[in-house]
Amino acid sequence: MRFIPDESEEAIELQHSPLHAQAIIRWRRLKSRLRPDPGRPPRVWLRRHWPGLTTLALAIAATFATDAWLGSCGFRGCPSGAEIRAFRPAQGGRIVDRNGTQIAAMNPVHRVNVPLAKIPAHVRAAFVATEDRRFYEHRGLDWRAVLRAVSRNVGAFGVREGFSTITMQVARNGFVAGQYGRRTFSRKLMELRVARLLESSLTKDQILELYLNVIYLGNGAYGVEAASRDLFGKSVARVDLAEAALLAALPKGPSSYAPRRAPERALRRRNLVLALMAREGYIARDDAARATREPLHVEQDGWRPGDAGDSYALDAVRALVDSVVPASLRETDLTVVTTIDSRAQRAAEAAVARQANALAREGAAWYGARGAGVQGALVAIDPRSGDVVAIVGGREYERGGFNRALLAHRQPGSAFKPFVYAAGLAAGFTPASFVADEPVAVDDGNGRLWRPANYDGTYEGEITLRRALMVSANAATVRLSRAVGEARVVARARENGITSEMRAVPSIALGTLEVTPIELVTAYSPFANGGYRVAPRLVRRVEGPDGTLLWSSEPVLTPVMDPRDAWQVTSMLRSVVDHGTGHAVRDVGVTGPIAGKTGTTNNNADIWFVGYSPTIVAAVWFGYDTPRPLPGGASGGRFAAPAWAEFYERGWRETGTDAWWTPPAGMVSRVIDATTGELASEWCPTTQEEWFKPGTEPTELCREHAPVEEPIQAAVASVGQKIGKALKKIFSF
């Protein structure tokens, strides 16, 4: 009898079943190989086996890395179950005006989401039969389709067929495409990963609903509702069998099978869908044959959402939102609450277009065809908050065009003069102070004399500051600027809100710098609101699809002027509208508390009107993009002021009254002679109430007007007053 050791392999085979014995034997052999050999140190063993060990380690590391990459959706984080259940295909978001009325989509998308219950069964069946006939059987990946696609692609030596399921298409269009961009193998893996998450978080009907709303069907339409409106001019709930088949024919190639572009190809594809529906048992063959005989019926004009959202104002809103909202959220359904007033915006666009077209007709008659390219701009803000209520960047809207209201730097001309007078008031002058309106010559600093002339070439001699601003006297304004100092004028404009480059030179008094319309209305706001600089605000807040606040802004008001100076400037500018160069505003019937200033540059290249009430400040500009003289007779009073008046009358609901502009505390009232600036007597023919800062009010009665029964005394007083004015002219500015 042969002795068999207990630890031998033969003994193990006798003691255990064949499979169990083989496992034990293999394990012992492995242990034997790994057991340290006293005659062979570990370093020798490692040196001998390092290639294999390195390969094994790399394989293990790669396996763990791939698993982690897939598990985390490319290390970017997979959508959670809650996020998947909350997902809705974006419809472009909303832009609402200051009153909460929707005025446009944030990102115009031709999509209207509809619940599955409102999509007819034959529409659903058409897509399932064509795109994924085993949709209700698989768990996100159809392995039969995979094998079929691999077989055909290998046989064709290229990509001829895909295997995307409806779930994978939802994953791609709803979650993956935006993060991974172009098609790659890694993106396909992400589609598979997200598809499994979709299948585990949603029911099949929920996935199908998402698919029918997210899929692109050509001509800019996303989803079956938008496509149905685009092709048939009706809701998807009313489409018949043939129309449903045409919708299901489009996902394979929205451009290739577009019925307007390729009707015959679209017809063949539609009939194929009908055949597939019959083969899968969704419809009877007789119904399929009947629908196949129907011709294509497609609307001539495509469908577009009612709020196309084409305006310079909305372009500015979208640009601002893009700068403050993370890129990952821009394509979601944001709600953007703006400061725009819809009614004011429409009125502004109409007013600019009307006056610009009138100027263009004169330009064409004056210069020929090249004279017709007149442009215009308007921007309006609420001086109480800085909220922008209307923006018109050009005569006609051009997508992506130059927004002149925000970006065009043009000379303001006389519209800059209020800052000269504001600086004068701060320096101790009053509206009743006198300034010489006579020809003036100023050294320009280069050894040459600059001789600014009045617009019409006439001069009034000694006049009050109020009248000088009212009639827009150039010579008087230059003298005031010289007396105050151009540096103070620049400082006043800068503090009010002018940010463009300004040089403290004599010509700045007549607006020879360049500013944008938005700068000008910002800088006028302290006049309207009692001395506070405002920061223009276009968007109040941005909310996410679930109402979460993503970004917001608050009004910013900074005190920059003595409220008494601001009130006096406004009082003087009301005279401009009531009796001066801005009277065109009254001529067209505008009533109520209005102040403003016209502006016309020396060569008539730019014409302006900046006007305001207690609740709105608006600037209107007209000119050519490449500066050159406008047709003869063009002026701020003739074209810009009427445009402002039309905008105000048709677009703004004025809730204030004249009492809103009341003199601030710390001022004293006096009735003065309008021509002499002295206290009025009962014999003064023209009087007015004027408000002064204490200590600056006149104290002497008018010496130019006396009782008729005292002719000698009146004559002496008149001669004395004239001599005094002459001496003042010699020894003052």
Side-chain angles (χ1 to χ4, degrees), residues 95-100 312-326 334-341 344-345 348 377-391 393 403 405-407 409 412 416 418-419 422-423 426 490-502 515-543 549-567 569-570 595 610-619 652 655-656 660-661 664:
I95 298 176
V96 300
D97 72 359
R98 63 192 292 156
N99 301 310
Y312 286 103
L314 294 174
D315 283 357
V317 168
R318 293 184 180 110
L320 175 59
V321 172
D322 284 348
S323 70
V324 299
V325 173
L334 302 175
T335 296
V336 180
V337 181
T338 73
T339 60
I340 296 295
D341 184 289
Q345 181 65 32
L378 183 152
V379 60
I381 69 174
D382 186 334
R384 300 166 296 180
S385 60
D387 287 356
V388 179
V389 300
I391 299 174
N403 193 328
L406 305 181
L407 302 174
H409 285 79
F416 185 80
F419 304 107
V490 168
R492 174 75 278 138
R494 183 74 71 200
E495 289 180 0
N496 273 39
I498 298 294
T499 58
S500 294
E501 180 183 359
M502 290 184 287
V515 298
T516 62
I518 187 68
E519 282 182 90
L520 214 47
V521 295
T522 301
Y524 266 65
S525 292
F527 302 150
N529 64 23
Y532 291 87
R533 184 178 66 233
V534 299
R537 182 173 69 147
L538 185 57
V539 174
R540 291 178 176 174
R541 65 182 183 274
V542 181
E543 299 172 357
L549 181 64
L550 302 178
W551 181 85
S552 64
S553 64
E554 297 297 330
V556 178
L557 283 79
T558 306
V560 294
M561 288 186 70
D562 185 326
R564 298 171 299 178
D565 292 341
W567 191 87
V569 171
T570 292
V610 186
Y612 60 93
S613 74
T615 62
I616 194 166
V617 183
W652 192 244
T655 56
W660 284 27
W661 274 334

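FYI, side chains are in, hydrogens and waters are out, and symmetry mates aren't considered; it's all heavy atoms of this structure. Owing to the predicted nature of the structure, the values given are computational and were not obtained by experimental measurement. Index from 1, following the sequence.
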Do Arg540 and Asp387 make a side-chain contact, defined as non-hydrogen atoms from C-beta onward lying under 4.5 Å apart? yes
Would you mind reporting whether Thr338 and Val336 have side-chain heavy atoms less than 4.5 Å apart? yes
Closest non-hydrogen atom pair, Ala566 against Gly531: CB-N, 3.8 Å
What residues, two or more places apart in sequence or in another chain, satisfy side-chain hydrogen bond (donor to acceptor under 3.5 Å, both in side chains) together with Glu519? Thr499, Ser500, Thr516
Looking only at the side chains, is there a donor atom on one of Trp661 and Ser613 sitting less than 3.5 Å from an acceptor on the other? no
If you compare all heavy atoms of Ala619 against all heavy atoms of Val610, which two are closest, and at what distance to 0.1 Å? CB-CG2, 4.0 Å
Taking only residues two or more places apart in sequence, or in another chain, which ones meet Thr335 in a side-chain hydrogen bond (donor to acceptor under 3.5 Å, both in side chains)? none
Does the side chain of Arg494 reach to within under 4.5 Å of the side chain of Met502, using non-hydrogen atoms? yes
Worked verdict on Phe527 versus Met561 for side chain to side chain contact (heavy atoms under 4.5 Å, CB included): CA-CA 8 Å; Phe527 302 150; Met561 288 186 70; 3.7 Å; yes
Can you find a heavy atom in the side chain of Arg98 that is under 4.5 Å from one in the side chain of Val389? yes
Which pair of non-hydrogen atoms, one from Ala380 and one from Ala618, has the smallest distance, and what is that distance? CB-CB, 3.7 Å
Any side-chain hydrogen bond (donor to acceptor under 3.5 Å, both in side chains) pairs touching residues 523-532, not counting sequence neighbours? none
Measuring from Leu407:CG to Ile518:CD1, what's the distance to the nearest 0.5 Å? 10.5 Å
Please find the pair of heavy atoms, one from Arg537 and one from Ser553, that lie closest to each other, and give the distance. NH1-O, 2.8 Å
Side chain to side chain, Val534 and Val556, heavy atoms closer than 4.5 Å: no
Side chains of Leu550 and Leu334 in contact at under 4.5 Å (non-hydrogen atoms): yes
Hey, what do you get for CZ (Arg384) to OG1 (Thr615), rounding to the nearest 0.5 Å? 5.0 Å
Taking the side chain as C-beta and beyond, is there a heavy-atom pair between Tyr612 and Val521 under 4.5 Å? no
Heavy-atom pair of closest approach, residues Gly497 and Thr522: CA-CG2, 4.4 Å
When rounded to the nearest 0.5 Å, the distance separating CD1 of Ile340 from CG of Asn99 is 11.5 Å
Side chain to side chain contact (heavy atoms under 4.5 Å, CB included) between Leu314 and Ile95, worked out: CA-CA 8 Å; Leu314 294 174; Ile95 298 176; 3.8 Å; yes
CD1 of Ile391 to OH of Tyr312: how many Å apart, nearest 0.5 Å? 12.0 Å
When Val539, Val542, Asp315 are each screened for side chain to side chain contact (heavy atoms under 4.5 Å, CB included) with Leu320, the one that passes is Val539
Please find the pair of heavy atoms, one from Asn496 and one from Arg533, that lie closest to each other, and give the distance. O-CG, 3.3 Å
So, do Arg492 and Val560 sit near enough that their side-chain heavy atoms are less than 4.5 Å apart? yes
